[in-house]
Amino acid sequence: MLKPRLSVKEILHQDPDPKQVHTIMGWVRTFRNNQFISLSDGSGPDVLQVVLELGKFDENLLKRITTGACLKISGKLVASPAKGQSVELLADAVEVLGDCDAEKYPLQPKKHSLEFLREIGHLRMRTQTFGAIFRLRNTAAFAIHKFFQEKGFLYIHTPIITASDAEGAGEMFRVTTLDLNHVPKNEAGEVDYSKDFFHRSANLTVSGQLEGELAAMAFSKIYTFGPTFRAENSNTTRHLAEFWMIEPEMAFYDLEDNMNLAEEMLKYIIGECIKQNDKDLDFLNKRWEEEERQKPAAERYPMNLLQRLQFVLEHPFERLTYTQAIEILQNSNYNKKKKFKYPVDRWGIDLQSEHERYLVEKHFQKPVILTDYPKDIKAFYMRLNEDGKTVRAMDILFPGIGEIVGGSQREERYEYLLQRMREMNIPEKELWWYLDTRRFGTCPHSGFGLGFERLVQFITGMGNIRDVIPFPRFPGHVEF
RNA sequence: UCCUCAGUAGCUCAGCUGGUUAGAGCACAUGACUGUUAAUCAUGGGGUCCCUGGUUCGAGCCCAGGCUGGGGAGCCA
């Protein structure tokens, strides 16, 4: 009788039944003793032990069962007599769907460095570590949709290709079909974009926020979740040229509503990951603890990965203004003993990573939300406070990551917005459609941007952002 | 882009003060063993010591330039 095929994850939850024949497909992790196959199909962190009775199978077949080979196995699920697994598959038939030359296959049943695995990005997903990471990434992505859908937010697709390059969120990638060897020029010697595909210059988006605001003026609560592109020459463990961003935008939300939403969302996503991927997290936690053990005691984090996630879930984020933060930093022993590379000497300076880290990791030892930054170090669209000096901005800072969320209450007053744009040389003509929202039924509204990969970094404990996206893009690198 | 550390076998690394034939573990191959959990034991093959140039009687080791990778900074999410 034809049975529906089970995944490894599913069959591991079945009760042993000596009568029922299952067919399982997957890839060999290890083959021990010419008898025991660890088979993985990526459906979960656990592998299925397949037992080949000695002498039952042809030797030439056994030689083809190598690390990485793809197999189709039918057999019966039995209780395992040995420790390590509760059930195992007693094989009746083994078919090699795809051979894997053990001498040439780069993945071995041993620990590899992340740097090496980065070079074989097409294969690294088959490892336990990257299996866990990308299953968690999947859970987090789905949790984001669940969170917003349950709250009545509309998922809107903002454009990937955009005409505006006015936002100042970062350097942009050009989108063109012009022949780069024969670029048409106008009389002034400039590139003649009227000959280009869109009849004007176009770029990849650096943010869906401005378009998101348009949608919020129609649907009240919206979110975007899509790829974003920044052509910055950033070479760090926290930056990518192509990354995914979540950007909710809410009409009638003030800054406090905005912060509440962001904090609730982060906790919801983390909670879902703990609930649904506990074994993946256990695995990454062990990995994390091993790495921590290598570090000198002074640099070790007081909590392990699981404790840290739990801690974030259980404690309210610390909220304070930029001005309060500056006071704390100025009065800190760190500052007095001149341990900061960039001394905190006056109100108005932009906070450096070391300052953010001090607040989050030393002073408060929990996530921090900083609000009301000086207007001069923030974007043009943030709402000006009564003091005329600060804006209704909020950044959420996470331990080990730094800024994970950046948001604000938006400047909804036409005159104020226009003035800020002029002060900051934002071309108002190009953003006529954005200004229109303030002319036609404007309203108080707020929103934020969450860097998805940074959140996945926090959840998985991975130190380098290039390890939490399947195919990272960064300066000099677009492989696969 | 800047600062910093590194590059030796497929992988992870050792290699003394510059000295003759460059090592280990894992992986791989062959054999033995057979209820293993990254199996174990034995044997074996495997090297452009990142590249170019220089110093030296002699360079994996010293010097200069470059390439590649890691970490940190800036920009930010």
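We name chains A, B, ... by the order of the sequence lines, and we start the count at 1 in each one. Computed from a predicted model, the values in this text were never measured in an experiment.
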Open item on the list: Roughly how many Å apart are B:C63 and B:A6, using the P atom of each and rounding to a whole number?
Closed with: 11 Å
Task: B:C2 versus B:G58 - spacing of their C1' atoms, nearest Å - done: 39 Å
- [ ] Please measure how far the P atom in B:C26 lies from the corresponding atom in B:A39, and state the result in whole Å.
- [x] 12 Å
- [ ] Can you tell me the distance, in whole Å, between the NZ atom of A:K339 and the P atom of B:A73?
- [x] 17 Å
Open item on the list: Please verify the inter-ring angle class for A:Y358 with A:F340; under 30° counts as parallel, over 60° as perpendicular, anything in between as tilted.
Closed with: perpendicular
Open item on the list: What does the B/S/- profile of nucleotides 1-15 of chain B look like, 5' to 3', with a 4.0 Å heavy-atom cutoff to protein?
Closed with: B--------BBS---
Task: Under 3.5 Å on both distances, the Watson-Crick or G-U partner of B:U43 - done: B:A29
- [ ] Mark yes or no: A:R466 above the aromatic ring of A:F474, with NZ or CZ under 6.0 Å from the six-membered ring centre and no more than 45 degrees from the axis.
- [x] yes
- [ ] Could you tell me whether A:I401 contacts a base, only the sugar-phosphate backbone, or nothing, with contacts defined as non-hydrogen atoms closer than 4.0 Å?
- [x] nothing
- [ ] Would you please test A:R124 and A:D467 for salt bridge (Lys or Arg N to Asp or Glu O under 4.0 Å) and show each step?
- [x] CA-CA 10 Å; A:R124 69 175 180 171; A:D467 293 329; 3.1 Å; yes
Open item on the list: Test side chain to side chain contact (heavy atoms under 4.5 Å, CB included) on A:F31 and A:S38; report intermediate values, then the result.
Closed with: CA-CA 6 Å; A:F31 184 33; A:S38 278; over 6 Å; no
Task: Within 6.0 Å of NZ in A:K366, more than 12 heavy atoms from elsewhere - done: yes
Open item on the list: Measure CZ/A:F57 against C1'/B:U34 and give the value in whole Å, please.
Closed with: 16 Å
Open item on the list: Would the base of B:U36 count as contacting A:Q85 through its side chain, where contact means a donor and an acceptor less than 3.5 Å apart?
Closed with: yes
Task: Between B:A32 (P) and A:N33 (CG): distance, integer Å - done: 14 Å
Task: Closest listed nucleotide, where the reference is the side chain of A:T67 and the choices are B:C75, B:C28, B:U36 - done: B:C28
TODO: Could you tell me which nucleotide pairs with B:A64 by Watson-Crick or G-U wobble geometry, both distances under 3.5 Å, or answer none if nothing does?
DONE: B:U52
TODO: Taking only the side-chain heavy atoms of A:H477 (C-beta and beyond), determine which of B:C75, B:G69, B:G35 contains the nearest atom.
DONE: B:G69
TODO: Could you tell me whether A:V47 contacts a base, only the sugar-phosphate backbone, or nothing, with contacts defined as non-hydrogen atoms closer than 4.0 Å?
DONE: nothing
Task: 5'-most by nearest nucleotide on RNA chain B - A:R466 or A:R357 - done: A:R466
- [ ] Taking only the side-chain heavy atoms of A:A82 (C-beta and beyond), determine which of B:A29, B:U36, B:G72 contains the nearest atom.
- [x] B:U36
TODO: In whole angstrom, give me the gap between the P atoms of B:C51 and B:G7.
DONE: 13 Å
- [ ] Using the C1' atom as the reference point in each nucleotide, state the distance between B:G18 and B:C13 in Å, no decimals.
- [x] 22 Å
- [ ] Look at A:R32 and B:U36 and indicate whether a side-chain polar atom (N or O) is within less than 4.0 Å of OP1 or OP2.
- [x] no
- [ ] Using only side-chain N and O atoms of A:T30, determine if any of them is under 4.0 Å from OP1 or OP2 of B:U36.
- [x] no
Open item on the list: Can you tell me if A:F173 has over 12 outside heavy atoms packed within less than 6.0 Å of its CZ?
Closed with: yes
Task: Per A:F36 side chain, nearest of listed nucleotides B:U36, B:A38, B:G70 - done: B:U36
- [ ] Work out which heavy atom in A:R238 is nearest to a heavy atom in A:S353; give both atom names and the distance.
- [x] NH2-OG, 4.2 Å
Task: Opposite nucleotide pairing with B:U17, Watson-Crick or G-U, both atom distances under 3.5 Å - done: none
TODO: Taking atom C1' in both B:U30 and B:G66, compute the distance separating them and give it to the nearest angstrom.
DONE: 44 Å
Task: A:E247 CD - B:C76 P separation (whole Å) - done: 16 Å
Open item on the list: Among B:U34, B:C75, B:C28, which nucleotide has an atom closest to any side-chain atom of A:A102?
Closed with: B:C28
TODO: Remember a base hit wins even if backbone is also touched, and classify A:S80 as base, sugar-phosphate or nothing at under 4.0 Å, heavy atoms.
DONE: base
Task: Among A:H145, A:E247, A:E249, the one residue meeting side-chain hydrogen bond (donor to acceptor under 3.5 Å, both in side chains) with A:Y223 - done: A:H145
Task: Closest to the A:K341 side chain, choosing from B:G31, B:A73, B:G35 - done: B:A73
- [ ] For B:U36, take OP1 and OP2 only and decide whether either is under 4.0 Å from a side-chain N or O of A:Q49.
- [x] no
Open item on the list: Whether the side chain of A:N285 engages the backbone of A:L305 through a donor-acceptor N/O pair (distance < 3.5 Å, no angle test) should be reported.
Closed with: yes
- [ ] Using Watson-Crick or G-U wobble geometry with both distances below 3.5 Å, tell me the partner of B:C2, or none.
- [x] B:G72
Task: Integer angstrom distance from the P of B:C16 to that of B:A73 - done: 33 Å
Open item on the list: Can you check the distance between B:A22 and B:G46, where both ends of the measurement are the P atom (answer in whole Å)?
Closed with: 13 Å
- [ ] Could you tell me whether A:F225 and A:F148 have their ring centroids closer than 6.0 angstrom?
- [x] no
Task: Whole angstrom value for the distance that separates P of B:A27 from CZ of A:R29 - done: 16 Å
Open item on the list: Could you tell me how far apart A:W244 (CH2) and B:C76 (P) are, to the nearest whole angstrom?
Closed with: 24 Å
Open item on the list: Counting only Watson-Crick pairs (N1-N3 plus N6-O4 or O6-N4) and G-U wobbles (N1-O2, O6-N3), all under 3.5 Å, who is the partner of B:G35?
Closed with: none
Open item on the list: Counting the atoms with a prime plus P, OP1 and OP2 as sugar-phosphate, which does A:F448 contact under 4.0 Å by heavy atoms, base, sugar-phosphate, or nothing?
Closed with: nothing
Task: RNA chain B: 5'-proximal contact among A:D395 and A:K63 (nearest heavy atom) - done: A:K63
TODO: Using whole Å, report how far CG of A:N34 lies from C1' of B:G31.
DONE: 12 Å
Task: Integer-rounded Å distance: B:A38 C1' and A:F31 CZ - done: 15 Å
